[in-house]
Visitor: 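Take a look at this one; I'll ask things after.
Both backbone and side-chain heavy atoms feed into the values below; hydrogens, waters and symmetry mates do not. Start at 1 with the first residue, then count along the sequence. In this text, all values refer to a predicted model and were calculated from it rather than measured experimentally. Atoms within each ligand, like the ligands themselves, are counted from 1 in listed order.
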Amino acid sequence: MHTLDCGRTMLGLTVVASLAFIATAAGVSSSQSTDCSYLSLLNHLTLTSSDEALSLTRPVKNWTTPTAVMLDLVLLGILQLDEKSQTVTSHAWIQTSWNNEYMRWNSSDFCGINMLTIPKSKFWVPDIFIQEDVSDSGSVEQSPLVSLYSTGWVLAKARHRLTFTCQLDLFLFPFDVQTCNITFSSMHHTGDVLQLGSLNNAAVLSTLSETLMVTEGEWELDNLTIIHIPYTSIVTDGNRLLYVVRLTRKPMLYVINLIVPLLYFLILDLASFFIRGEKLNFKVTVLLSISVLLLILQDMLPSTDRRMLLMANLCVVVFSLVGMSILETMLVEFLMALDDCYPQKDQSSVSTNVKALQEVASHTEPAGAEEKGQVDPVMSPKDQDLLKLILEEVKAAHQKMERPGKEERKPGRYTRLAIVINSVYFSLYFIAVVIYLVCMYLAWVDGIEFAGF
Ligand SMILES: *[C@@H]1O[C@H](CO)[C@@H](O)[C@H](O)[C@H]1NC(C)=O
Ligand SMILES: *[C@@H]1O[C@H](CO)[C@@H](O)[C@H](O)[C@H]1NC(C)=O
Ligand SMILES: *[C@@H]1O[C@H](CO)[C@@H](O)[C@H](O)[C@H]1NC(C)=O
Ligand SMILES: *[C@@H]1O[C@H](CO)[C@@H](O)[C@H](O)[C@H]1NC(C)=O
């Protein structure tokens, strides 16, 4: 499958190159010469002699003549985009062509031969490099041959596993669009001697990239623009050829993986206000689930201090909202417990006291218990009357205490407060969530529109 694709790619590139050159080599006529071998042509071009002078310098007859170097970049795949290290790894074909004034012939003199393939070492090759390139060594596969056309144009091709740096703007992640520069320039030659240009225009190259794109990963080539920054003076870093590549992320995976769960957890947290009974465990579980999503996000995104990414903003706000709702639940449960605790403690102590007193009062006669045998005989009927009197008093007091208590306990002073707090908090929480989500949606939509959709 892969070799098939490569074959297709080669074919495509060759067709493009040939189209470009045959146009210039028009007027090919039938053979006139008797010797139709390549060798005679090589002899004519003096390439058979071991004269290395040809490969030493720029092939122009008058040194003031600039050499035009044409560069075509075809992206065959976006393999990876690393948000942390801010690099893009791609699979690219780069073809370079330039004019060699010494290598021209009239094809009608050589049986119509208009193209030769010759080892690259025979020729002078321009020293073009990519400024953003951070590829490992060995990621470039240069063809050992170059094509030589009868008009003097030399064409070299290379296949790159090109890793280039790109300042990624992840503000709209995962709905982001990245614009990267791939800048070609010469190491040694200034713009007055080496003029960079492109053989095919951006529309052709981007159509070619789209049709030949082998890997359809997370990224889609959205637009390819070629900018030529001409040479103005030696001081300015001029004469560069800029390929501006715009890539669009396919966000579906992140929507499913991050945004939907986050919103779902938020809704779960909202819904948990309607749970009767134990809420705290549930809410803490939701908070822990959100922190797992935060960990995933942290693995993916770099920490930028310029402005907070919308995705990070969403995570942090949802986390804080759920955290705050846990605190509120704690407060409500504390208030409820307060209500339960204090009145009950008093009542129970009073009632046990009353019970004990009742017990004592009912013991008008010794129950025959050995332990109480010593106390009871001492207690005279007068004492018992007094005790009964005290009991009556205590009962009355107890009832007095209990009656208002019971009326209050129905709603409960603290419970009422807790219910009020809970409903007010829920309303505010709900409104805040709705407003926040609307703002977030607008921010994303605005950002995406601004990014040029
Ligand atoms: C070389 O080129 C310069 C500028 O184009 C021109 O003035 C000069 O006459 C040329 N020299 C020769 C020998 O052709
Ligand atoms: C090539 O040679 C043919 C025949 O000798 C001639 O008619 C033609 O004009 C030449 N073409 C060029 C570009 O010199
Ligand atoms: C790409 O090049 C253009 C033109 O020089 C420049 O304005 C822009 O800032 C560059 N972008 C990056 C990410 O370097
Ligand atoms: C690519 O972007 C440039 C500049 O933004 C624009 O002029 C051109 O029409 C775009 N091409 C396509 C195919 O969208």
Visitor: Of the choices Q167, E132, Q86, which has the non-hydrogen atom that lies closest to atom 13 (C) of ligand 3?
Guide: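 Selected option, by shortest heavy-atom distance: Q167.
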
Visitor: For atom 2 (O) of ligand 3, is some protein heavy-atom partner under 4.0 Å away?
Guide: yes

Visitor: Counting heavy atoms only, which of N181, V244, I182, D169 is nearest atom 11 (N) of ligand 3?
Guide: N181

Visitor: Does some side-chain heavy atom of P174 sit less than 4.5 Å from a side-chain heavy atom of W444?
Guide: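 Yes. Closest side-chain heavy atoms under 4.5 Å.
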
Visitor: Please say whether more than 12 non-hydrogen atoms of neighbouring residues, nucleotides or ligands are located less than 6.0 Å from OH in Y425.
Guide: yes

Visitor: Is there a donor-acceptor pair under 3.5 Å between the side chain of Q178 and the backbone N or O of R246?
Guide: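 Answer holds: no.
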
Visitor: Determine, stepwise, if the pair R249 / E218 fulfils salt bridge (Lys or Arg N to Asp or Glu O under 4.0 Å).
Guide: CA-CA 6 Å; R249 192 195 294 268; E218 188 183 327; 2.5 Å; yes

Visitor: As a check for students: among D109, T151, N106, identify the option with a heavy atom nearest to atom 12 (C) of ligand 2.
Guide: N106

Visitor: Which protein heavy atom lies closest to atom 4 (C) of ligand 1, and at what distance to 0.1 Å?
Guide: T64 OG1, 3.6 Å

Visitor: May I ask you to identify the nearest protein heavy atom to atom 8 (C) of ligand 1, giving residue, atom name and distance to one decimal place in Å?
Guide: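 In this structure, atom 8 (C) of ligand 1 has N62 ND2, 3.6 Å as its nearest protein heavy atom.
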
Visitor: Answer yes or no on whether K283 is positioned over the face of F273, meaning its NZ or CZ is under 6.0 Å from the six-membered ring centre and within 45° of the axis.
Guide: yes

Visitor: Apply salt bridge (Lys or Arg N to Asp or Glu O under 4.0 Å) to the pair K61 and E101, showing each step before the final yes or no.
Guide: CA-CA 7 Å; K61 287 177 176 158; E101 290 185 356; 5.6 Å; no

Visitor: Look at atom 5 (O) of ligand 3 and say which protein heavy atom is nearest, naming residue and atom and giving the distance to 0.1 Å.
Guide: L242 CD2, 4.0 Å

